[in-house]
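I have placed the structure first, in the form of structure tokens, so that the comments after it can refer back to it.
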Amino acid sequence: GIMRILVVLIYFTPLGVLCLTAQSFAYFGLDMVGVLLKYMLVMIFVLVLHVLITSAVLLRIMSGLSVKTFFKKMTTPMLVAFSTTSSNVA
């Protein structure tokens, strides 16, 4: 039922993104590449700041751990999580 619909939607999502991007390039031209690149770089910068500042402060307040200690203890679980496709493995 619902899962089948979600699987179909997820399957066709890249095609939809491609079509929307192609439409934008057709309308705005290649000048849009610079704008998208700037947006992407700003987003990466802000997300890195978030991880290094906001998340670090919350981690220290809520758990008492430093970021270094946290990542040292979480290395193995993160490697398992990122290298498997199933959450049942861990």
Side-chain angles (χ1 to χ4, degrees):
I2 296 287
M3 283 303 290
R4 180 70 181 141
I5 293 170
L6 289 175
V7 168
V8 170
L9 284 173
I10 290 170
Y11 181 78
F12 284 108
T13 298
L15 180 63
V17 170
L18 174 69
C19 291
L20 289 171
T21 305
Q23 178 187 13
S24 296
F25 276 112
Y27 185 76
F28 294 109
L30 290 178
D31 296 336
M32 194 175 87
V33 173
V35 174
L36 287 175
L37 184 62
K38 287 178 189 175
Y39 174 74
M40 183 181 72
L41 292 174
V42 167
M43 288 302 299
I44 290 170
F45 177 73
V46 170
L47 289 171
V48 167
L49 276 180
H50 173 66
V51 167
L52 294 177
I53 296 172
T54 310
S55 298
V57 169
L58 288 174
L59 180 67
R60 175 65 81 171
I61 291 171
M62 295 180 151
S63 70
L65 293 175
S66 70
V67 174
K68 185 177 179 180
T69 305
F70 173 76
F71 280 111
K72 197 178 285 187
K73 290 182 176 187
M74 287 299 293
T75 300
T76 302
M78 285 192 296
L79 286 174
V80 170
F82 289 127
S83 64
T84 62
T85 57
S86 173
S87 59
N88 293 329
V89 174

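Just so it is clear, the model here is predicted, and its values are computed rather than measured. Atoms considered below: every heavy atom in the structure, side chains included; atoms not considered: hydrogens, waters and symmetry mates.
The distance from atom NE2 of H50 to atom CZ of F45, rounded to the nearest 0.5 Å, is 14.0 Å. From L37, atom CG reaches atom CG of L41 across 4.5 Å, with rounding to the nearest 0.5 Å. Note that the CE atom of M3 and the CD1 atom of I10 stand 7.5 Å from one another [nearest 0.5 Å]. Atom NZ of residue K72 and atom OG1 of residue T69 lie 6.5 Å apart, to the nearest 0.5 angstrom. To the nearest 0.5 Å, the span separating CG on L59 from CZ on F71 amounts to 8.0 Å. Between I44 atom CD1 and L49 atom CG the span is 12.5 Å, to the nearest 0.5 Å.
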For M32 and Y27: C-alpha separation, side-chain torsions, deciding distance, then whether side-chain contact (heavy atoms from CB on, under 4.5 Å) applies. CA-CA 9 Å; M32 194 175 87; Y27 185 76; over 6 Å; no
Walk me through it: do L20 and Q23 pass the test side-chain contact (heavy atoms from CB on, under 4.5 Å)? CA-CA 5 Å; L20 289 171; Q23 178 187 13; 4.0 Å; yes
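At least one side-chain heavy atom of L65 sits less than 4.5 Å from a side-chain heavy atom of K73. Looking at V35 and F28, their side chains never come closer than 4.5 Å, going by heavy atoms from C-beta outward.
With sequence neighbours left out, S55 forms a side chain to side chain donor-acceptor pair (under 3.5 Å) with no residue at all.
The cluster map of Ile, Leu, Val, Met, Phe, Trp and Tyr, joined by side-chain heavy atoms under 4.5 Å apart, puts F82 and M74 in the same cluster. Both V8 and L15 are part of a single hydrophobic cluster, where members link through side-chain heavy atoms under 4.5 Å apart.
With a 6.0 Å radius and a threshold of 12 heavy atoms from other residues, nucleotides or ligands, L30 has its CG atom at or below the threshold. The environment of M78 atom CE is dense: over 12 non-hydrogen atoms of other residues, nucleotides or ligands sit within 6.0 angstrom.
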